[in-house]
Participant: 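The following block contains the structure, expressed as structure tokens.
By convention here, the first residue in the shown sequence is residue 1.
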Amino acid sequence: MRKPFIAANWKMHKSVAESIKFVNAIKGKLPDPNKVEVGIAPQAFSLYPMKEAAGEPGLKIIAQNAAAEYSGPYTGELSLRGLHDLGAEYAMLGHIERRRLFGENNAAVNRKVKAALQIGVTPIICTDETMVQKEVNGEIHYVFQQLMSVLHGVSLDQIRRVVISYEPSWAVGVGQHANATLAEEGCRMIRRTIADNYTYEIADKIRILYGGSVNPDNIKEIMSKPDIDGVLIGRASLDVDNFLKMVNYAQKEEAQLTQQETKKKNN
Ligand code: PEP
């Protein structure tokens with residue numbers, strides 16, 4: 001059973017004070033951490049203050065990026081060792097904006113992924129690739145070249161700890177309606193790619209998130225898709241009410257189910 005993961009990407013928004021205010025506003029209102037995992041990726045300077053403010057294991061703190069080197073003369077970079085020390089469990093790596101605006105390529109993301117796995121920070125590998133069909137021995141295969149380049153050298157043992165986020169460029173940051181069918185198709189093909197290159201057992205366990213214009217109105221439909229295990233949310237995650245609606249997307253259904261069960265028992 002893959003635990004749903006709802007992750008917010010705050011990009012370059014919110015000061016430390018605003019981030020702490022947000023954490024205080026959502027405290028006690030998150031879903032049961034045994035059922036749904038919730039994380040926020042704030043700007044780097046808010047990671048520690050947010051971790052301190054959260055003070056409970058219910059909220060995961062995620063880095064938006066990290067360097068492949070643990071220490072050294074890399075001015076302006078963020079060390080995975082430092083992130084690990086402060087308790088950041090996850091780091092997003094290879095986000096589409098890092099690739100588009102800061103020229104990150106597959107080789108750089110691959111080094112970061114391996115460094116994160118080695119030090120014990122779970123990479124959330126973002127891939128914005130569109131699938132390519134290829135015929136191999138008369139069979140059609142879907143090839144995610146970008147993803148496989150980024151996973152180069154990642155072992156069978158390490159891949160189990162990776163989270164993948166499928167964020168097609170047509171959907172990220174554009175505010176258009178996310179297309180749940182296309183989102184599912186992409187995630188399903190990524191799972192198949194992992195099965196082809198690793199094993200079916202691993203592909204079945206690995207968590208694949210979808211990112212791109214997720215909001216309180218579409219999250220339920222997106223999360224109902226069998227190969228989508230969670231979402232990465234940008235713009236819509238900045239507002240407390242929207243955030244709480246999205247992380248609690250399953251609550252109404254659960255309450256209805258419990259009511260139905262109680263009714264059945266009483267009849
Ligand atoms: C993102 O940038 O990771 C993202 C998913 O953004 P948005 O939800 O705004 O499309």
Participant: Taking all non-hydrogen atoms of both residues into account, name the closest pair between P123 and L93 and its distance.
Facilitator: CB-CD1, 3.7 Å
Participant: Show every donor-acceptor pair shorter than 3.5 Å between a side-chain atom in residues 227-234 and any protein atom, with sequence neighbours excluded, or say none if there are none.
Facilitator:
from: D227; atom 1: OD1; to: R191; atom 2: NE; distance (Å): 2.6
from: D229; atom 1: OD1; to: R2; atom 2: NE; distance (Å): 2.7
from: D229; atom 1: OD1; to: R2; atom 2: NH2; distance (Å): 3.3
from: D229; atom 1: OD2; to: R2; atom 2: NE; distance (Å): 3.1
from: D229; atom 1: OD2; to: R191; atom 2: NH2; distance (Å): 2.8
from: D229; atom 1: OD2; to: I208; atom 2: N; distance (Å): 2.8

Participant: Who are the side-chain contact (heavy atoms from CB on, under 4.5 Å) partners of K3, not counting sequence neighbours?
Facilitator: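 Result, side-chain contact (heavy atoms from CB on, under 4.5 Å) vs K3: E37, R207.
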Participant: I need the full list of salt bridge (charged side-chain N to carboxylate O under 4.0 Å, His left out) pairs touching residues 6-26, with sequence neighbours left out, sorted by first then second residue.
Facilitator: K11-E97
Participant: Would you say V16 ends up clustered with L59 if hydrophobic residues are merged whenever their side chains have heavy atoms under 4.5 Å apart, either directly or through other cluster members?
Facilitator: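 Per the 4.5 Å side-chain linkage, L59 and V16 are not co-clustered.
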Participant: Work out which heavy atom in E77 is nearest to a heavy atom in A67; give both atom names and the distance.
Facilitator: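 Residues E77 and A67, closest heavy atoms: OE1-CB, 3.6 Å.
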Participant: Verify the neighbour count for atom NE2 of H152: are there more than 12 heavy atoms of other residues, nucleotides or ligands below 6.0 Å?
Facilitator: no
Participant: Taking Y210 for the side chain and A180 for the main chain, is one N or O donor matched with an acceptor at less than 3.5 Å?
Facilitator: no
Participant: Scan for salt bridge (charged side-chain N to carboxylate O under 4.0 Å, His left out) pairs involving residues 23-33, sequence neighbours excluded, and state none if there are none.
Facilitator: none
Participant: Is the shortest heavy-atom distance from the side chain of I6 to the side chain of L209 under 4.5 Å?
Facilitator: no
Participant: Is there a side-chain contact between L147 and I125 in this structure, where contact means two heavy atoms from C-beta onward sitting under 4.5 Å apart?
Facilitator: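 Side chain of L147 against side chain of I125, heavy atoms only: contact under 4.5 Å found.
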Participant: Kindly write out the residues that satisfy side-chain contact (heavy atoms from CB on, under 4.5 Å) with R111, not counting sequence neighbours, or none if the list is empty.
Facilitator: A68, E69
Participant: If the condition is salt bridge (Lys or Arg N to Asp or Glu O under 4.0 Å), which residues does E104 pass it with, not counting sequence neighbours?
Facilitator: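 E104 satisfies salt bridge (Lys or Arg N to Asp or Glu O under 4.0 Å) with R98, K112 only.
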Participant: Give a yes or no on whether F5 and V38 share a hydrophobic cluster (residues Ile, Leu, Val, Met, Phe, Trp, Tyr; joining criterion: side-chain heavy atoms under 4.5 Å apart).
Facilitator: no
Participant: Give the cluster check for V154 versus Y90: same hydrophobic cluster or not, with ILVMFWY residues linked at side-chain heavy-atom distances below 4.5 Å.
Facilitator: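 No.
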Participant: Who pairs with A8 by side-chain contact (heavy atoms from CB on, under 4.5 Å), at least two apart in sequence or on another chain?
Facilitator: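 Result, side-chain contact (heavy atoms from CB on, under 4.5 Å) vs A8: W10, I40, S237, F243.
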Participant: Just wondering, do R99 and D128 contact through their side chains at under 4.5 Å, heavy atoms?
Facilitator: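 Touching, per the 4.5 Å side-chain cut-off.
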Participant: D241: which residues meet the side-chain contact (heavy atoms from CB on, under 4.5 Å) condition with it, sequence neighbours left out?
Facilitator: D239
Participant: Is the backbone of S155 close enough, under 3.5 Å, to the side chain of Q158 for a donor and an acceptor to pair up by distance?
Facilitator: yes
Participant: For the OH atom of Y166 and the SG atom of C126, what is their distance to the nearest 0.5 Å?
Facilitator: 13.5 Å
Participant: Rounded to the nearest 0.5 Å, what separates atom OH in Y70 from atom NE2 in H84?
Facilitator: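 If I round to the nearest 0.5 Å, the distance is 9.5 Å.
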Participant: For K225, check salt bridge (Lys or Arg N to Asp or Glu O under 4.0 Å) against everything at least two apart and list the hits.
Facilitator: none
Participant: Does the side-chain contact (heavy atoms from CB on, under 4.5 Å) test come out yes or no for I159 and I206, once each step is laid out?
Facilitator: CA-CA 8 Å; I159 188 77; I206 208 162; 3.8 Å; yes
Participant: Is there a side-chain contact between N24 and I20 in this structure, where contact means two heavy atoms from C-beta onward sitting under 4.5 Å apart?
Facilitator: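 With C-beta onward as the side chain, the pair touches.
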Participant: How far apart are the closest heavy atoms of S19 and S46, and which atoms are they?
Facilitator: OG-OG, 3.3 Å
Participant: Less than 3.5 Å apart, any donor N or O on the side chain of N215 or R235 sitting next to an acceptor on the other?
Facilitator: no
Participant: Are Y74 and F45 grouped together when hydrophobic residues (ILVMFWY) are joined by side-chain heavy atoms under 4.5 angstrom apart?
Facilitator: no
Participant: Check whether any side-chain heavy atom of S169 sits under 4.5 Å from a side-chain heavy atom of R100, and report yes or no.
Facilitator: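 Touching, per the 4.5 Å side-chain cut-off.
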Participant: Would you say the side-chain atoms of N248 pair up with the backbone N or O of L244, donor to acceptor, closer than 3.5 Å?
Facilitator: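 Side chain of N248 to backbone of L244: a pair is present.
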Participant: Under the salt bridge (Lys or Arg N to Asp or Glu O under 4.0 Å) test, which residues partner E167, sequence neighbours left out?
Facilitator: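 Once residues adjacent in sequence are excluded, E167 has no partner under the salt bridge (Lys or Arg N to Asp or Glu O under 4.0 Å) criterion.
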Participant: Starting at CD1 of I119, measure out to OG of S79 and round the result to the nearest 0.5 Å.
Facilitator: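 I119 CD1 to S79 OG: 6.5 Å, rounded to 0.5 Å.
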Participant: Cluster partners of L101, using ILVMFWY side-chain heavy atoms under 4.5 angstrom, listed by chain and number?
Facilitator: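 Reading the cluster by chain and number, L101 sits alongside F102.
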Participant: Using a 4.5 Å cut-off on heavy atoms from C-beta on, say whether the side chain of V247 contacts that of V36.
Facilitator: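 No, side chains not in contact.
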Participant: Does the side chain of Y249 reach to within under 4.5 Å of the side chain of I222, using non-hydrogen atoms?
Facilitator: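 No - every pair of side-chain heavy atoms lies 4.5 Å or more apart.
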Participant: Could you list the residues that satisfy salt bridge (Lys or Arg N to Asp or Glu O under 4.0 Å) with E52, not counting sequence neighbours?
Facilitator: none
Participant: Taking all non-hydrogen atoms of both residues, which atom of L30 and which atom of G58 are closest, and how far apart?
Facilitator: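 That closest heavy-atom pairing would be CD1-O, 3.9 Å.
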Participant: Could you state the interatomic distance from CD1 (I124) to CD1 (I62), rounded to the nearest 0.5 Å?
Facilitator: 4.0 Å
Participant: Considering only heavy atoms from C-beta outward, does the side chain of Q64 approach that of N9 to under 4.5 Å?
Facilitator: yes
Participant: Please confirm whether the backbone N or O of S213 pairs with a side-chain atom of N218, one donor and one acceptor, at under 3.5 Å?
Facilitator: yes
Participant: Same hydrophobic cluster for M50 and L47, using side-chain heavy-atom links shorter than 4.5 Å among ILVMFWY?
Facilitator: yes
Participant: Report the C-alpha distance between K35 and Q251 in whole Å, list the side-chain angles of each, state the deciding distance to 0.1 Å, and finish with yes or no for side-chain contact (heavy atoms from CB on, under 4.5 Å).
Facilitator: CA-CA 11 Å; K35 292 188 178 157; Q251 219 171 53; over 6 Å; no
Participant: Between the side chains of T127 and Q146, does any donor sit under 3.5 Å from an acceptor?
Facilitator: yes
Participant: Please name the pair of heavy atoms, one in V121 and one in A91, separated by the smallest distance, quoted to 0.1 Å.
Facilitator: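 Distance-wise, the nearest heavy atoms are CG1-N, 3.7 Å.
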Participant: How long is the span from the OG1 atom in T122 to the CE atom in M92, to the nearest 0.5 Å?
Facilitator: 14.5 Å
Participant: How close do F144 and G186 get, counting heavy atoms only, and between which atoms?
Facilitator: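 So the two residues come closest at CZ-O, 3.9 Å.
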Participant: How long is the span from the CD1 atom in I194 to the CE atom in M189, to the nearest 0.5 Å?
Facilitator: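 The CD1 atom of I194 sits 14.0 Å away from the CE atom of M189.
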Participant: Check this for me: Y48, atom OH, are more than 12 non-hydrogen atoms of other residues, nucleotides or ligands nearer than 6.0 Å?
Facilitator: no
Participant: Spell out, as yes or no, whether a donor-acceptor pair under 3.5 Å connects the side chain of N179 to the backbone of L182.
Facilitator: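 Such a contact is found between N179 side chain and L182 backbone.
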Participant: Step by step, would you call D196 with T193 a side-chain contact (heavy atoms from CB on, under 4.5 Å)?
Facilitator: CA-CA 5 Å; D196 284 349; T193 302; 5.7 Å; no
Participant: Is there a salt bridge (Lys or Arg N to Asp or Glu O under 4.0 Å) between E201 and R160 once you walk through the steps?
Facilitator: CA-CA 10 Å; E201 182 248 330; R160 293 171 198 275; 3.2 Å; yes
